[in-house]
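Structure first, commentary second.
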Amino acid sequence: MIEGDFVEMDHASVSNIIQLGGTVLKTARSEEFFHSEPRAQVARQLNRAGIEGLVAIGGDGTFRGAHDLWTEQKAPVIGVPATIDNDVYGTDATIGFHTAVNVAVEAIDRIRDSATSHDRLFFVEVMGRQAGFIALAVGAAGGAEMILVPELEVNIQEIYDTIMSGVKRGKTSSIIVVAEGDEEGGALEIAHKVRELGPIECRATILGHTQRGGPPTAEDRMLASRLGAAAVRALLEGDSDKMVGRVDNKVVRTPLVDTWSEKKPFDQELYELAKALAA
Ligand code: F6P
């Protein structure tokens with residue numbers, strides 16, 4: 001946008017891509033966009049190309065930039081939440097979240113085969129930046145014995161004690177899901193610290209970018225289709241500076257500022273349920 005390097009797309013541009021992971025549009029973080037002169041340049045380029053509205057697809061960084069573009073330049077913008085982290089207020093799910101969770105759950109099912117065969121404890125690290133939404137969903141759906149998230153403080157001694165109480169009850173293998181943003185560290189670090197407390201045979205696996213690729217789930221495909229259409233509709237109605245999201249199965253519009261200034265609530269109930277089921 002800064003360079004005015006636009007490619008016109010039509011119906012054919014989106015044929016046969018619904019099953020693809022990643023993005024055909026490409027994506028990158030832009031340092032320049034943090035400054036107002038490049039944003040003014042973007043507005044000039046949009047004008048020159050006859051572009052009347054912008055659909056900003058991403059997370060809070062994308063939305064902050066889009067909001068600045070609207071407030072400074074009055075370029076109409078509508079946000080579409082797309083990040084595996086699901087850490088955006090104003091939508092129950094972000095595009096990519098379900099797929100990432102499914103990939104991680106499938107990985108856990110496979111790791112569990114090793115865990116049970118070898119009577120081992122595994123720490124499995126999932127992405128999510130500073131949020132534990134992926135870890136919670138993966139842990140609950142994967143039947144994890146423990147879920148470690150940045151939203152809730154659990155220290156190494158408590159982790160060790162939980163593992164040992166499982167062992168005393170006859171558990172011979174366990175899976176502990178670790179959110180990458182957990183305050184005790186990632187899977188490797190936590191495994192190391194736990195081993196220092198006692199002779200526990202354990203392994204650590206970091207799922208990393210495997211969670212960000214592969215065919216999107218049906219849920220993600222439907223969400224992306226609905227929110228994409230809703231974004232265009234919002235622009236056609238003359239709306240701007242909002243994000244379209246899905247809340248309680250309805251498409252809603254939330255002011256862009258709220259999407260990063262309001263905190264998406266952590267599902268404590270699901271966390272407690274997963275804990276109870278693992279006990
Ligand atoms: O925000 C999405 C995300 O995948 C995070 O979960 C992760 O921390 C980060 O991006 C990784 O970013 P990069 O691909 O730049 O290493």
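Read the numbers this way: they start at 1 and go in the same order the structure lists the ligands and their atoms.
Residues satisfying the salt bridge (charged side-chain N to carboxylate O under 4.0 Å, His left out) criterion with Arg48, sequence neighbours excluded, are absent altogether. Judged as a salt bridge (charged side-chain N to carboxylate O under 4.0 Å, His left out), and not counting sequence neighbours, the contacts of Arg39 are Asp68, Glu72.
For the pair Lys264 and Phe133, the cation-pi criterion (under 6.0 Å, within 45° of the ring axis) is fulfilled.
Remark: the backbone N or O of Ala191 is not paired with any side-chain donor or acceptor of Arg203 at under 3.5 angstrom. Side-chain N or O atoms of Glu145 include one that pairs as donor or acceptor with a backbone N or O of Ile175 at under 3.5 Å.
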Less than 3.5 Å apart, N/O on ligand 1 and N/O on the protein: could you list those pairs with the distances?
residue	atom	partner	partner atom	Å
ligand 1	1 (O)	Asp85	OD2	2.7
ligand 1	1 (O)	Arg129	NE	3.4
ligand 1	1 (O)	Arg129	NH2	3.0
ligand 1	4 (O)	Arg212	NH1	2.8
ligand 1	6 (O)	Asp85	OD1	2.6
ligand 1	6 (O)	Gly128	N	3.1
ligand 1	6 (O)	Glu180	OE2	3.4
ligand 1	8 (O)	Glu180	OE2	2.5
ligand 1	10 (O)	Arg129	NH2	3.3
ligand 1	10 (O)	Arg212	NH1	3.0
ligand 1	14 (O)	His209	NE2	2.8
ligand 1	14 (O)	Arg212	NH1	3.1
ligand 1	14 (O)	Arg212	NH2	3.0
ligand 1	15 (O)	Arg29	NH1	3.0

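If you chain together ILVMFWY residues whose side-chain heavy atoms come under 4.5 Å of each other, Ile206 ends up grouped with Leu188.
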